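Every value quoted in this text rests on a predicted model; they were computed, and no experiment measured them.
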Amino acid sequence: APDKSGVMIDDLLLEKVQPMVVEKITTVQPVIPVLIQKKDNPVIGLQVVAKGRGEAKKLTGLKFDFQGTTDLQAIKAVRVLSAGSNPKAGGGERFGETRRDGSGWVCEGAVNLVSGDNYFWVSVELNEGADLDGEVDARILTVKLDDGEVIKPDMASPEGSQRIGYAVRQCGDDGSK
């Protein structure tokens, strides 16, 4: 800023410091195919809406299954991604370790929630021989917080499932951008 011109403050937020609470947990489903030869295919998303500016709550676990999937053997790997406040399907950093738990799956980790929207994505990698006529679907059963609270989403799985396709080209093939 020029001399004697003052100070400009951008994106100022004044609010009372209150303990963080989780207000809403819901699921979202992208409308994109699950592709063979693609490492991360988002199947279902989780939107966690938190409010408060006190000590951050942590999401420490997810329990989910693949009900509605035509062939569970088609799934080679399962990952959960933490995307922060970015709602874009499939973005983010790996959240914790994912393992089978009976008929479902569990992912345990620790991510601080921020006030506002927090997104997580259950992502799969398919086996090379997955049936192109198949479909993949998932549902989020429970969400666990660091204080031990276990919450069920408003809706375990939105309507619909995703078709299986084949990734003919990938970003970066032959020097593409």
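Between the side chain of D71 and the backbone N or O of T69, no donor-acceptor pair lies under 3.5 Å.
Side chains of T98 and V122 form no contact here, defined as non-hydrogen atoms less than 4.5 Å apart.
Separating the NZ atom in K51 from the CG atom in L113 is a distance of 15.5 Å, to the nearest 0.5 Å. Considering OH of Y166 and NZ of K38, their distance stands at 14.5 Å, rounded to 0.5 Å. To the nearest 0.5 Å, atoms CG (D137) and CD1 (I44) are separated by 7.0 Å.
Sorted by first and then second residue, the pairs that involve residues 68-103 and meet ring pair (Phe, Tyr, Trp, His ring centres under 6.0 Å), not counting sequence neighbours, are F95-F120.
Under the 4.5 Å side-chain contact rule for hydrophobic residues, V31 and L46 do not share a cluster. Taking hydrophobic clusters as Ile, Leu, Val, Met, Phe, Trp and Tyr residues chained together by side-chain heavy-atom distances below 4.5 Å, L132 shares a cluster with L126. Residues V43 and L62 share a hydrophobic cluster, clusters being chains of Ile/Leu/Val/Met/Phe/Trp/Tyr side chains in contact below 4.5 Å. Criterion: ILVMFWY side-chain heavy atoms under 4.5 Å apart, direct or through other members. Under it, V124 and I36 are part of a common hydrophobic cluster.
Qualifying side chain to side chain contact (heavy atoms under 4.5 Å, CB included) partners for E97, counting only residues two or more places apart in sequence or in other chains: R94. Residues passing the side chain to side chain donor-acceptor pair (under 3.5 Å) test with D40, sequence neighbours excluded: S123. Applying the side chain to side chain donor-acceptor pair (under 3.5 Å) rule to Q47 yields the partners D117, Y119; only residues at least two apart in sequence or on another chain are considered. Partners of D131 under the side chain to side chain contact (heavy atoms under 4.5 Å, CB included) rule, at least two apart in sequence or in another chain, are D133. With sequence neighbours excluded, no residue forms a side chain to side chain donor-acceptor pair (under 3.5 Å) with E55. The side chain to side chain contact (heavy atoms under 4.5 Å, CB included) test applied to R99 returns D101, V106, E108, not counting sequence neighbours. For D65, the salt bridge (Lys or Arg N to Asp or Glu O under 4.0 Å) partners two or more places apart in sequence, or in a different chain, are R139.
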Report, one line per pair, each donor and acceptor closer than 3.5 Å where one atom sits in a side chain of residues 142-164; sequence neighbours left out.
from, atom 1, to, atom 2, distance (Å)
D146, OD1, K58, N, 3.2
D147, OD1, E149, N, 3.0
D147, OD2, K57, NZ, 2.6
S157, OG, A138, O, 2.8
S161, OG, E135, OE1, 2.6
Q162, NE2, I32, O, 2.8
Q162, NE2, P42, O, 3.1

Below 3.5 Å, can you tabulate the donor-acceptor pairs from side chains in residues 73-89 to any protein atom, sequence neighbours excluded?
from, atom 1, to, atom 2, distance (Å)
R79, NH1, K39, O, 3.1
R79, NH2, E125, OE1, 3.0
N86, OD1, K88, N, 2.9

Please output the side-chain donor-acceptor pairs of residues 19-26 that fall under 3.5 Å, not counting sequence neighbours, one pair per line with the distance.
none

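Ring geometry for F64 versus W105: interplanar angle under 30°, hence parallel rather than tilted (30 to 60°).
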